[in-house]
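Start at 1 and go down the list; that is how both ligands and their atoms are numbered.
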Amino acid sequence: MGLAISTACENKQETIPENYWPNGGVTYEIFVQSFYDTNGDGIGDINGVTAKLDHVTELGANAIWLMPIMPSPSYHKYDVTDYKSIHSDYGTMDDFKKLLTEAHKKDLKIVIDLIINHSSSQHPWFIESKKGRDNPYRDYYVWAQKDTIAQYIEKKKITLDSDNIRQWHDPGLGEDYYYGFFYGGMPDLNFDNPKVREEIFEIGRFWLEEVGVDGFRLDAAKHIYPDERAKDNHEFWKEFREEMIKINPEIYLVGEVYDQKEVVAPFLPGLPALFNFDFHYTLIEALNEENGMILVEKEKEVLEYYSDITSDFIDATISSNHDQPRLLNELDSDPEKYKQAIAILMTMPGAPYIYYGEEIGMLGLKPDEQIREPFLWEVIEKDKGRATWIDPIYSTDQTVTPLALQKDDPSSFFNHYKGLIKLRNSTPALAKGSLELPETSYGKSVMVFSRKLGDQEVFVIHNLGSQVEEVVLPEGANQEIFELGNIEKTGNKIRLEKNSSIIWKNY
Ligand SMILES: [Ca+2]
């Protein structure tokens with residue numbers, strides 16, 4: 001034991017550890033449609049992502065998650081009509097392959113959204129399936145006779161991630177209804193059919209092997225089978241992972257299981273990374289209720305709960321995403337709370353996700369289109385690539401400072417994000433360390449924890465409140481590495497004003 005410690009001391013790590021991503025790295029989520037338009041049609045495109053890779057590397061992210069890029073009749077593209085090509089609004093497969101090449105040159109990974117729970121009702125499979133009971137594609141979807149599902153047709157309960165009350169839909173062609181969890185335009189695929197499973201595995205192989213993506217974000221992963229068949233869901237994803245590992249042993253799979261940790265955790269053996277929605281909601285609650293320890297305690301609980309199932313997991317923390325109101329709106333549009341929220345995200349365990357536009361403080365509230373507004377690269381007169389497919393309501397030049405201007409302002413959101421990500425990337429204990437809770441108690445609005453990796457320890461204190469808090473310098477805190485807001489230090493006494501934060505390391 002003594003030997004191990006002294007060896008570690010001699011090799012003090014100050015750089016990013018090997019295999020850093022995806023375990024502790026930062027992923028940047030892009031809605032291509034609103035990102036950067038290169039051909040002047042008003043719609044962001046794949047070439048626009050390629051053109052702006054330097055933005056992602058400057059920010060310090062290690063990977064990009066692209067929201068759906070496949071052909072689809074909807075602007076959001078979560079209902080696919082062709083699983084093996086690129087939406088023509090976004091460009092071509094060649095454009096996409098070029099993006100992969102350029103991203104990989106910059107050591108950026110590319111993860112794409114894969115939507116397999118359902119297809120579009122305009123997918124050729126469904127068009128065939130609707131034709132009748134004898135059609136070879138009939139069993140690609142879930143059909144039932146009206147009489148056998150009578151009690152479900154009138155059901156009234158909605159779930160967390162669908163406003164849809166009735167999951168059975170009448171195609172208007174006779175007695176049979178089809179199942180579509182989200183709505184009638186998204187019929188659920190029938191995973192009891194081995195042919196469907198093989199089609200899906202084949203789609204995965206195509207993107208991994210022939211195209212060369214680094215992984216998938218699996219949409220609606222909880223709904224492959226209905227809720228009462230949870231075990232079948234878990235087993236399906238294990239099988240999917242096994243099939244994908246055959247092509248790329250380092251494949252990254254991150255799943256969307258929109259639920260509490262008890263429901264989320266059993267998916268880990270199949271989906272080693274899962275979004276931590278508890279983190280998102282608790283982060284907002286902690287800041288708005290000025291409750292210092294609620295997030296630390298919740299996160300500790302989640303990590304312990306996950307660890308009981310497997311040690312092989314990635315906690316994909318999120319501060320917001322394309323389905324949530326913009327984070328700044330959730331925090332009363334208070335820039336100090338917002339900056340602290342990011343300081344918290346970047347100092348807590350996990351592999352954080354940043355939703356595009358967050359780094360410049362974009363705004364947005366439901367409906368969903370308005371939380372997916374065009375990125376502001378430059379002041380509008382000079383912004384060559386600004387998307388115009390939608391009129392922004394919340395993120396305009398009057399409310400959001402475009403990126404180009406923020407770059408020159410040391411106190412901008414962009415430089416705040418950039419500074420924190422850099423700190424995280426250069427401090428291994430912050431990226432991959434354990435989460436240690438304090439033994440003593442502090443004021444209600446004080447968040448205190450430390451992160452340990454090997455012999456490195458990082459001490460973090462945030463005052464989430466609007467009132468001044470005083471704390472004592474933690475033992476072992478030798479070198480200050482970050483400060484946010486107004487802080488006064490007198491000897492070992494630290495005085496933290498509203499939404500201020502301070503971080504030290506032991507060496
Ligand atoms: Ca375009």
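- Distances from the Ca ion (ligand 1) to each N, O or S atom of Asp45 single out OD2 as the nearest.
- Within the 3.5 Å criterion, the main-chain N or O of Lys407 finds a donor-acceptor partner in the side chain of Asn415.
- Note on Asp37: its N/O/S atom closest to the Ca ion (ligand 1) is OD1.
- Residue pairs meeting the salt bridge (charged side-chain N to carboxylate O under 4.0 Å, His left out) criterion with at least one partner in residues 66-84, sequence neighbours excluded, are Lys84-Glu202.
- The atom of Asp41 that is an N, O or S and sits closest to the Ca ion (ligand 1) is OD1.
- Because its NZ or CZ atom is both nearer than 6.0 Å to the ring centre of Tyr356 and within 45° of the ring axis, Arg326 counts as a cation-pi partner of that residue.
- Between Asp227 and Arg229, none of the side-chain N atoms (NZ, or NE/NH1/NH2) sits under 4.0 Å from a carboxylate O, so this pair counts as no salt bridge.
- An angle of 160° is found at the Ca ion (ligand 1) between Ile43 atom O and Asn39 atom OD1, rounded to 10°.
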